[in-house]
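Data block below; observations after.
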Amino acid sequence: MPELKLIPKSEFDRLLQSGLDQDTKLRLFAEMCRLNTLVEVKKAGSGHLGSSFSAMDINVFLYLELLNVRQLPLNDPGRDLFFSSKGHDVPGLYAVFHALGIISEEQLLKLRRLGGLDGHPDIHIPGAEANTGSLGMGISKARGMALAKRHFKRNGRVFVMTGDGELQEGQIWESLQTTVHQKACLTVIVDHNKLQTDLPVNEVIGLGDLESKFRSFGWTVERCNGHDFKELRRALSPQEPDGKPRIIIADTIKGKGVSFMEEISAMVSNQGKYLWHSGAPADEPFQRGFDELLGRINNLLSSHGQAAIQLKHIPVEPSPKLAITKQYVAAAYGETLVNLAISHPDLVVLDGDLSADCKVREFEKQFPDRFFENGIAEQD
């Protein structure tokens with residue numbers, strides 16, 4: 001493993017205390033959090049970079065400019081609430097929490113480790129407002145929080161982020177109509193990076209005209225560039241109450257910030273499949289991504305007369321001794337399905353956007369008329 005270096009919280013403090021304009025601070029803060037996300041996932045050996053990077057600018061804008069959580073303690077019932085429904089983008093959120101002092105450096109570097117930070121949000125972690133279970137539950141949970149605030153006459157707004165692939169879940173559409181009927185006040189942000197796992201959303205289960213669909217359920221809808229802070233400010237600015245909950249469709253790029261992880265280049269180099277949804281990068285692409293992010297951060301600092309980032313070296317831990325097996329369970333599953341299909345012509349495979357993880361791509365390739373992709377829609 002290459003030598004790992006982290007941006008310490010003191011460097012984020014220096015940035016926030018500088019005289020730079022707000023949008024420059026936001027841009028630098030987001031890029032610095034992307035670098036730390038890359039490091040924490042590399043050290044963990046697993047995690048989700050593509051979605052963490054697409055959501056990063058939204059998360060940074062919310063926590064630095066919109067939410068009141070920096071002014072109120074985490075146990076204050078009147079604070080704003082925000083959580084991610086998709087959940088696997090949490091390494092990026094952890095990086096923001098570390099930068100704001102919500103979690104420690106030690107915690108950040110124990111991603112997916114016993115006694116450390118979970119690979120999906122859990123409410124025992126400071127700053128985590130909700131656990132992530134099956135996808136599609138986030139708007140329902142946010143509605144419950146909003147109704148509780150109304151019942152107890154508590155201040156604070158409620159925000160929840162969903163993925164675009166997550167919109168294939170039936171519970172999403174149930175929760176849309178109920179939220180309007182119950183006049184619950186909340187804001188949903190769709191991280192619309194147009195990719196799920198390793199294929200475009202439109203190739204899995206297309207979503208059609210989202211704006212019209214959401215409006216037909218009675219929601220107020222805004223659309224913006226999810227990497228442009230001026231656009232985010234416009235879309236998320238407080239509005240005159242109209243009795244309707246709001247949905248912000250934020251157009252983003254999966255893998256944003258590392259050129260070879262960004263949507264188009266990543267798919268072209270991997271035969272039309274996205275490579276960086278999950279898993280830690282190997283040493284060479286890790287170092288390339290790290291150098292790209294650090295170079296851009298320092299160039300931006302230098303152009304504004306600011307000193308370069310001071311990095312903190314992370315001690316390399318010895319790798320644990322593991323029992324080695326040549327058999328990978330998911331691979332065996334995929335191979336066995338192909339073998340069975342040859343002698344069982346009535347065998348078909350129904351998939352829920354897990355063909356890469358469950359290693360059934362070879363079945364899909366050899367028996368395309370017997371493979372049915374259903375997207376992230378467990379009940380269906």
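Residues: numbered from 1 along the sequence shown.
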Study note, to complete from the structure: CZ of Phe29 to CZ of Phe12, rounded to nearest 0.5 Å, is 5.5 Å

Check your understanding: In a check of side-chain contact (heavy atoms from CB on, under 4.5 Å) between Ile189 and each of Val160, Asn59, Leu62, which one passes?
Key ->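 Of the listed options, the one satisfying the test is Leu62.
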
**Study point:** Member of Leu337, Val329, Thr336 meeting the side-chain contact (heavy atoms from CB on, under 4.5 Å) criterion with Tyr333
**Key:**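 So, applying the side-chain contact (heavy atoms from CB on, under 4.5 Å) to Tyr333 and each of Leu337, Val329, Thr336, only Leu337 qualifies.
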
Practice item. Ignoring hydrogens and angles, tell me if any N or O in the side chain of Asn68 forms a donor-acceptor pair with the backbone of Arg79 under 3.5 Å. Key: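 No, Asn68 side chain to Arg79 backbone: no donor-acceptor pair under 3.5 Å.
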
Practice item. Mark yes or no for whether Asp353, through its side chain, and Ile376, through its backbone, hold a donor-acceptor pair below 3.5 Å. Key: no

**Study point:** With Glu222, the salt bridge (charged side-chain N to carboxylate O under 4.0 Å, His left out) member among Arg234, Arg215, Arg246
**Key:** Arg234

For residues [X] and [Y], report the shortest heavy-atom separation together with the two atoms involved.
X: Gln107; Y: Pro126; result: NE2-CD, 4.3 Å
X: Ser85; Y: Leu135; result: O-CD2, 3.9 Å
X: Phe286; Y: Pro2; result: CD2-CG, 3.6 Å
X: Leu294; Y: Leu311; result: CD2-CD1, 3.8 Å

Review point. Do His277 and Lys254 come close enough that some side-chain heavy atom pair is under 4.5 Å?
Key: yes

**Study point:** Evaluation steps, salt bridge (Lys or Arg N to Asp or Glu O under 4.0 Å), between Glu292 and Arg288
**Key:** CA-CA 6 Å; Glu292 180 180 335; Arg288 193 154 38 107; over 6 Å; no

Review point. Is any side-chain N of the basic residue among Glu129 and Lys141 closer than 4.0 Å to the acidic one's carboxylate O?
Key: no

Review point. Should Arg14 and Glu11 count as an ion pair when the cut-off is N to O under 4.0 Å?
Key: yes

Exercise for review: Evaluate the ring-ring contact (aromatic ring centres under 6.0 Å, His included) criterion for residues Trp276 and Phe260: first the C-alpha distance (whole Å), next the side-chain angles of each, then the deciding distance (0.1 Å), finally the verdict.
Suggested key: CA-CA 9 Å; Trp276 304 102; Phe260 60 86; 5.6 Å; yes

Look at atom [atom1] of [X] and say whether more than 12 heavy atoms of other residues, nucleotides or ligands are closer to it than 6.0 Å.
X: His124; atom1: NE2; value: yes
X: Gln379; atom1: CD; value: no
X: Leu354; atom1: CG; value: yes
X: Glu106; atom1: CD; value: no

So, [X] versus [Y]: side-chain donor-acceptor pair below 3.5 Å or not?
X: Gln168; Y: Gln196; value: yes
X: Gln287; Y: Asp291; value: yes
X: Ser140; Y: Gln171; value: yes

Exercise for review: Carefully, step by step, assess Lys9 and Asp13 under the rule salt bridge (Lys or Arg N to Asp or Glu O under 4.0 Å).
Suggested key: CA-CA 6 Å; Lys9 180 181 179 299; Asp13 294 339; 2.9 Å; yes

Check your understanding: Cation-pi between Arg233 and Phe61: NZ/CZ under 6.0 Å from ring centre and within 45° of the ring axis?
Key ->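 Verdict for Phe61: no cation-pi partner in Arg233.
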
